Protein chains: 2
Amino acid sequence: MPEDTPTLDQAAYQIRRYGLDVDPQAVLVAVRLMAAGARLGQAVEVHFSRFGLSAGRYRLLAALEDADGEMSPSGLADVLGVSRATVTGLIGGLEREGLVLRRPSAEDGRSAVVVLTARGARRMRELAPEHFGRLQEMVGALDPEERAVFLDLLGRLVRGIPALTRERSAREE
Amino acid sequence: MPEDTPTLDQAAYQIRRYGLDVDPQAVLVAVRLMAAGARLGQAVEVHFSRFGLSAGRYRLLAALEDADGEMSPSGLADVLGVSRATVTGLIGGLEREGLVLRRPSAEDGRSAVVVLTARGARRMRELAPEHFGRLQEMVGALDPEERAVFLDLLGRLVRGIPALTRERSAREE
DNA sequence: GCGAGGTGGTTAGGGGCCATACTAAATGTC
DNA sequence: GACATTTAGTATGGCCCCTAACCACCTCGC
């Protein structure tokens, strides 16, 4: 699984196979971004597994810290951009490890409050230097100006993602 | 889950909480790329589900086309960059749908050959116009020069991914 | 030949994510 | 106040991906 795949030629070949009028370079951007995302996602899981966490669990703990240590499950789901069911699963794992605990809400009988434990806070404190250090190292190949350019371009691509899922008008079938 | 999260301020805040000497902008690039990858991944799954496929299954069918319709499971695993076990699962799904079939290899008694069926080829032909069209649309916000810049920067970031998983030298603890 | 080690494929079990469907509690309406 | 609707959280079952373990087969060295 080399890292510069697919190539422009491969993309062009796949498009031409169906006689489509599509820019191979545009397709290449989309496909490479997907591949990079998948690759990065896997590396991040390996990275966090060293601390007994996963990417999702880390993000939940970080969100908890940002909220001064307390937050409801549905609030977490909103902030993390995942479903409530996923948050339930993440909390379960973190609670088993004692990094977080669940307390019923005083105001709302339906609601719960997820609390960052001292142990959870310590875990975050311990992994922070290495975590952020490695992230910085990964991005080190880009100078600050290039990073700004990348963030701009990436943001514009992200805003184009709805093109993949949007319903099309009827006459386009 | 807004699309410009986290912000530079949020990244800076999380870093400062531990008194680390890390560039917030670098961290932001890493985190945004992760978020974009996850977001794109989900959108792609929705996209492919319209054709009764998933991203993994589509990629397998495409790899099969590139190899003129026949390939061994382990060859597919190499090309797709996933484990052999994952390929076994993908083939299972595709075989149930009749898009692919499994045949024992004539030369090697251990090996199997995965064959793209006529139905599989037709499915790919049918979805191609919409698939590539939407990809192009997603990338439409970037002009060709910007796309080239993006591919360059993305490639350099991908080459930095090993920084996340690499073992560190002993004196760094 | 024949046993050792390597390779191909599958199974089992785990985690992350999702959608769907359910329960319990809060809220709105009459 | 009683009933319908909405909301919070969870359980279930699915897909994708992984690793580890396993079996069958190939291949190499003796």
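Nothing here was measured: the structure is a model prediction, and the numbers come from that model. Every chain is numbered from 1 and lettered A, B, ... according to where its sequence line falls, protein lines coming before strand lines.
- Applying the 4.0 Å criterion to OP1 and OP2 of D:dC18, one finds that B:S83 has a side-chain N or O inside that range.
- OP1 or OP2 of C:dG16 lies within a sub-4.0 Å distance of a side-chain N or O belonging to A:R57.
- Per the geometry, CD belonging to B:E95 stands 13 Å off P belonging to C:dG9, to the nearest Å.
- Phosphate contact (OP1/OP2 of C:dT10, side-chain N/O of B:T88, threshold under 4.0 Å): present.
- Within the nucleic acid shown, B:A85 comes within 4.0 Å of at least one base atom, counting heavy atoms only.
- Checking the phosphate oxygens (OP1, OP2) of C:dG9, a side-chain nitrogen or oxygen of B:S111 falls inside 4.0 Å.
- Listed pair A:S54 / C:dG16 meets the phosphate criterion, a side-chain N or O lying under 4.0 Å from OP1 or OP2.
- Remark: P of C:dC17 and CZ of B:F48 are 21 Å apart, rounded to the nearest angstrom.
- For A:D108 and A:R96, each mapped to the nucleotide of DNA chain C holding its nearest heavy atom, the one lying further toward the 5' end belongs to A:R96.
- The only member of B:E130, B:E45, B:E126 that meets salt bridge (charged side-chain N to carboxylate O under 4.0 Å, His left out) when paired with B:R50 is B:E130.
- Side-chain atoms of B:R147 come within 3.5 Å of backbone atoms of B:L142 as a donor-acceptor pair (strictly under, hydrogens ignored).
- The B:V82 side chain lies nearest to D:dC17 when the options are C:dT11, D:dA8, D:dC17.
- Contact check on A:R166 versus B:E137 returns a salt bridge, with a Lys/Arg side-chain nitrogen under 4.0 Å from an Asp/Glu carboxylate oxygen.
- Contact annotation: A:R102 side-chain N/O to D:dT10 OP1/OP2 distance is under 4.0 Å.
- We find that CD of B:E107 is positioned 22 Å from P of D:dA24, with the value rounded to whole Å.
- A:R134 places no side-chain N or O within donor-acceptor distance of the main-chain N or O of A:H47, the cut-off being under 3.5 Å.
- When the C1' atom of D:dG9 is taken as reference, atom CE of A:M71 falls 16 Å away, rounded to whole Å.
- Following rounding to the nearest Å, A:R84 (CZ) and C:dC17 (P) show an atom-to-atom distance of 16 Å.
- We find that CG of B:L80 is positioned 10 Å from P of D:dC18, with the value rounded to whole Å.
- Rounded to a whole Å, the CZ atom of B:R59 is 19 Å from the P atom of D:dC15.
- For the pair A:L60 CG and C:dG15 P, the computed distance is 16 Å after rounding to whole Å.
- With hydrogens and angles left out, the side chain of B:R110 and the base of C:dG9 share no donor-acceptor pair within 3.5 Å.
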Show the numbers, then the answer: is there a ring pair (Phe, Tyr, Trp, His ring centres under 6.0 Å) between A:H131 and A:F51?
-> CA-CA 10 Å; A:H131 170 59; A:F51 309 111; 7.6 Å; no

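- Heavy-atom nearest nucleotides on DNA chain C were determined for B:Q42 and for B:V87, and the one closer to the 5' end corresponds to B:V87.
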